[in-house]
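First comes the structure, then the notes that go with it.
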Amino acid sequence: MKLKNSFFYTLRENVKDEDSDSGNLLVRSGMIKKSSSGIYMYMPLGYKVLKKIEQIIREEMNATGAQELLMPSMIPEEVYINSGRRAGFGNSMFSLKDRFNKPFVLGPTHEELFLDAAASKIRSYKDMPFNLYQFQNKFRDEPRPRFGLIRVREFIMKDAYSFDTDLDGLQISYDKMFNAYKKSFDRMGIDYKIVTADTGVMGGLLSEEFQAVTAIGEDTLVLCDHCDYSSNLEVAQCLTEVPSSFEDLKVMEKLHTPNVGKIKDLVDTYQIPVENMTKSMIYKIDDEFVLVMVRSDDEINEVKLQKYFKAQSVELAENDDVVRLTNAKIGFAGPYQAKIKVIADHKVEHMRNYLIGANESDYHYVNANHGRDFEISAYTDLREIKEGEICPKCQKGHIQFSKGIEIGNTFKLGDKYTKALGLNYLDANNQLQPVVMGSYGIGPGRCMAAIVEQNHDDYGIIWPSNIAPFEVALVIINTKVEEQVSAANKVYEELSSLGMDVLLDDRDERAGVKFNDMDLIGVPVQVTFGRGLADGEVEVKIRKENNKTNVKLENLVQFIKESL
RNA sequence: CGGGACGUAGCACAGCUUGGUAGUGCACUACCUUGGGGUGGUAGGGGUCGCGCGUUCAAAUCGCGUCGUUCCGACCA
């Protein structure tokens, strides 16, 4: 592409309403433009990048034998009502009505439609396995879009769905996709981790996430410094350490703690170690109120709570409800004489003589003990793991945290959807069986953002050459010098004929402007046509190494090939 | 959904307290200048001050409402 007379622009000044490096650089380099909160235009340059990312994924999908198709974005609402997911998505689904008042939604994910498509083919076990995928726009009405392309309301997703007769088949299909994902992200040059995760509204048997490691990630990755354990914080299990000996029970005493409802204040004011305190939170789990106890320095993990109760919704009780259920101000809830079910984290089971809220404003009890002073109906793993803890897998290493952007996710769905929607096949014994599904997603836009997060400097983006909008930029220093113009054009024709993606900066701009623009948009190899031409030389700059080499014109093409 | 902030030219912002001709920088146009890391200059073009209602002789400025954006939290594949 020749820049003069092309649609190309960059912004010199910073944009204010981007809260991430990648969002900022992508906007400033003219790759994307915000249209509305969490809704972006892909401008020509950005669209080129997106297409290159898509093509990598497409090639890896096709290599597994998966077949590409395209689903509609607008879907009758009843499709999601029938699968039971309409309520689960709730307000995060965009909905609209047609002229006859029939309700439609904009698809947030497409299990239902793929299942419908698969039903056209599946009659017997001989019809499987197969795998279908698409690149298509998804719509999710996020409460809070942020970080440029990372959390948006309309985005392209590559979603794939596998159909098998049984779990063994699913395992094979899943592994194929899993490997294709690894290859795709490797080819994009992304630094990523694979973690086990919550299955969320997708449900099913297993979820694994591909997380690009960046400082602005929205997910916390739990990693072991000794073994290969890796998990999303939301599902990371905690090891329970059992003390070697137990203290004798002391007599429970009431402690006047006026206006001291917070753990930190209790520590400061009464010098009680955090290890000898519990905290009690009241949760509304579906329609039931439950008192949840953890040691005071632990945090309750709501995903674990939701799983334990197999609940649809888990939320902290409203202040009014807490006051009504405890007859006390916020901050004084406890298990003693509680009127609701009490459950506790494993760690609490091994505590003795600890502090609890008194269910009475401005009072706590010290030296409380379960079994004697009150009953706890169940102990389970409810807390969030912390950095430095012992790894739950190898039980040797220590836990470290890292931040990640979820760029891909694979689910073993099993028969959750096929049972609910009745997609069956006849097996070899002429018995009706539910089809076994997997679903697999990649966000190309998030990949683009993650690559920029991981590859940029003060001057701009540093694209890997297979992702860059252009592999090579040819910069004419002074367009009034015929020698520079003709030499650059000749090289442009030659590289183009070799199938390279070449940019010719033939604008009537100052050299500094062109250099800065090429750095900003991140062209990996930049060739300068300037005064060196008198000696038959041009200057080649490798963006990521930030060095410059003088190269004879006759060696230029070879030099570029070796640099990519 | 709760709390805070902001909305003035394509972008970033000042002006608002104390109401009275709408400004600055970048970008843009023309000419001159310069020509290897965002040249320097001269002259220009571009804004219903988010929208509505109100107060007032007079509203970007004060009040109410509304829409949008954004930050923190809640929620979230």
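Bear in mind that the values here come from a model prediction, so they are computed numbers and not experimental data. Lettering of chains follows the sequences in order, A, B, ..., and the numbering in each one begins at 1.
- Within 4.0 Å (heavy atoms only), F155(A) reaches at least one base atom of the nucleic acid.
- For K541(A), taking side-chain heavy atoms from C-beta onward, the closest of the listed nucleotides U39(B), G37(B), C71(B) is G37(B).
- Contact annotation: side chain of N478(A) to base of G36(B), donor-acceptor pair absent below 3.5 Å.
- For the C1' atoms, the distance from G7(B) to C16(B) is 14 Å, rounded to whole Å.
- Look at the P atom in both G38(B) and C26(B): the space between them is 15 Å, to the nearest Å.
- Of the residues near RNA chain B, E209(A) and L533(A), the one whose nearest nucleotide (by heavy atom distance) lies more toward the 5' end is L533(A).
- Annotation: side-chain contact (heavy atoms from CB on, under 4.5 Å) contacts of I81(A) (sequence neighbours excluded): E77(A), R86(A).
- At a cut-off of 3.5 angstrom, the base of C71(B) holds no donor-acceptor pair with the side chain of R146(A).
- Among the protein residues, L11(A) comes within range of no part of the nucleic acid, since none of its heavy atoms lies under 4.0 Å from any strand.
- For the C1' atoms, the distance linking C67(B) with G52(B) amounts to 10 Å, nearest Å.
- Annotation: the span from Q526(A) atom CD to L503(A) atom CG amounts to 9.5 Å, rounded to 0.5 Å.
- Atom-to-atom, CD of Q306(A) to C1' of C75(B) comes out at 11 Å; the value is rounded to the nearest Å.
- Which of G38(B), U39(B), G37(B) sits closest to the side chain of R510(A) comes down to U39(B).
- Checking side-chain atoms of D415(A) against main-chain N and O of T418(A) turns up no donor-acceptor pair under 3.5 Å.
- Pairing for C1(B) is with G73(B), a Watson-Crick or G-U wobble pair whose two hydrogen-bonding atom distances lie under 3.5 Å.
- Among all heavy-atom pairs drawn from M71(A) and A117(A), the shortest one is CE-CB, 3.8 Å.
- Atom name P, nucleotides U48(B) and U8(B): the rounded distance is 13 Å, in whole Å.
- Between K34(A) and the phosphate of U70(B), there is a side-chain N or O to OP1/OP2 separation shorter than 4.0 Å.
- Looking at the side chain of E302(A), the nearest of the listed nucleotides G35(B), C75(B), G38(B) is C75(B).
- Contact check, S36(A) against G68(B): no side-chain N or O comes under 4.0 Å of OP1 or OP2.
- When the P atom is used for both G47(B) and G2(B), the distance is 39 Å, rounded to whole Å.
- In a base pair of the Watson-Crick type (N1 to N3 plus N6-O4 or O6-N4) or a G-U wobble (N1-O2 and O6-N3), with each distance short of 3.5 Å, G37(B) is matched with no nucleotide.
- Atom-to-atom, CG of N91(A) to P of G2(B) comes out at 13 Å; the value is rounded to the nearest Å.
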Protein-nucleotides 23-27 of chain B N/O pairs closer than 3.5 Å?
| unit_1 | atom_1 | unit_2 | atom_2 | d |
| --- | --- | --- | --- | --- |
| G25(B) | N2 | E13(A) | OE1 | 2.9 |
| C26(B) | O4' | E13(A) | OE2 | 3.2 |
| A27(B) | OP1 | R12(A) | NH1 | 2.4 |
| A27(B) | OP1 | R12(A) | NH2 | 3.4 |

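- Out of U69(B), G38(B), G36(B), the shortest distance to the side chain of R153(A) is found at U69(B).
- If you check G7(B) for Watson-Crick or wobble pairing at under 3.5 angstrom, you find it paired to C67(B).
- No engagement by T109(A) is indicated, since no non-hydrogen atom pair under 4.0 Å with the nucleic acid exists.
- The nearest whole Å value for the distance from the CG atom in D506(A) to the C1' atom in G35(B) is 16 Å.
- Where V15(A) and F515(A) each meet RNA chain B at their nearest nucleotide, the meeting point lying more 5' is that of V15(A).
- Across all strands shown, the partner of A12(B) is U24(B), judged by Watson-Crick or G-U wobble contacts whose two distances both fall under 3.5 Å.
- When distances are taken from the side chain of P143(A) to each of A74(B), G36(B), U39(B), the shortest belongs to A74(B).
- Within 4.0 Å (heavy atoms only), Q526(A) reaches no atom of the nucleic acid at all.
- Across all strands, G38(A) comes closer than 4.0 Å to no nucleic acid atom at all (heavy-atom distances).
- Remark: side-chain polar atoms of E68(A) are not paired, donor with acceptor, to backbone N or O of Y133(A) under 3.5 angstrom.
- Distance, D457(A) CG to G37(B) P: 18 Å, rounded to whole Å.
- A donor-acceptor contact under 3.5 Å links the side chain of K548(A) to the base of G37(B).
- Nucleic acid contact for D19(A): sugar-phosphate only, since backbone atoms but no base atoms lie under 4.0 Å from a heavy atom of the residue.
- If you check G37(B), C28(B), C76(B) against the side chain of E509(A), the one that comes closest is C28(B).
- Using Watson-Crick or G-U wobble geometry with both donor-acceptor distances under 3.5 Å, A58(B) finds no partner in any strand shown.
- For the C1' atoms, the distance from C49(B) to C62(B) is 15 Å, rounded to whole Å.
- The nearest whole Å value for the distance from the CG atom in L316(A) to the C1' atom in C1(B) is 14 Å.
- Here the separation of G19(B) from G15(B), taken at their P atoms, is 16 Å to the nearest Å.
- At the heavy-atom level, D508(A) lies under 4.0 Å from base atoms of the strands shown.
- Contact annotation for E406(A): backbone-only contact, meaning every heavy-atom pair under 4.0 Å involves sugar-phosphate atoms and none involves a base.
- Distance L233(A) CG to C76(B) P: 14 Å, rounded to the nearest Å.
- Listed for the N478(A) side chain is a donor-acceptor partner under 3.5 Å among the backbone atoms of K480(A).
- Separating the CZ atom of R28(A) from the C1' atom of G10(B) is a distance of 16 Å, rounded to the nearest angstrom.
- Counting only heavy atoms from C-beta on, S37(A) has its side chain closest to U69(B) among C76(B), U69(B), G38(B).
- Each of D159(A), L106(A), I156(A) was evaluated against K138(A); a single residue qualifies, D159(A), per the side chain to side chain contact (heavy atoms under 4.5 Å, CB included) test.
- Atom C1' of nucleotide G38(B) and atom CG of D505(A) are separated by 13 Å, given to the nearest angstrom.
- U17(B) and C6(B) have their P atoms separated by 15 Å, given to the nearest Å.
- In this pair, F89(A) and Y80(A) present their aromatic rings perpendicular. The plane angle is above 60°, beyond the 30 to 60° band.
- Residue H110(A) is tested with L115(A), L132(A), V79(A), I75(A) for a side chain to side chain contact (heavy atoms under 4.5 Å, CB included); the sole match is I75(A).
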List the steps and the verdict of salt bridge (charged side-chain N to carboxylate O under 4.0 Å, His left out) for D297(A) and K279(A). CA-CA 8 Å; D297(A) 55 339; K279(A) 66 181 167 193; over 6 Å; no
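- The six-membered or imidazole ring of Y161(A) lies away from that of F411(A), with a centre-to-centre distance of 6.0 Å or more.
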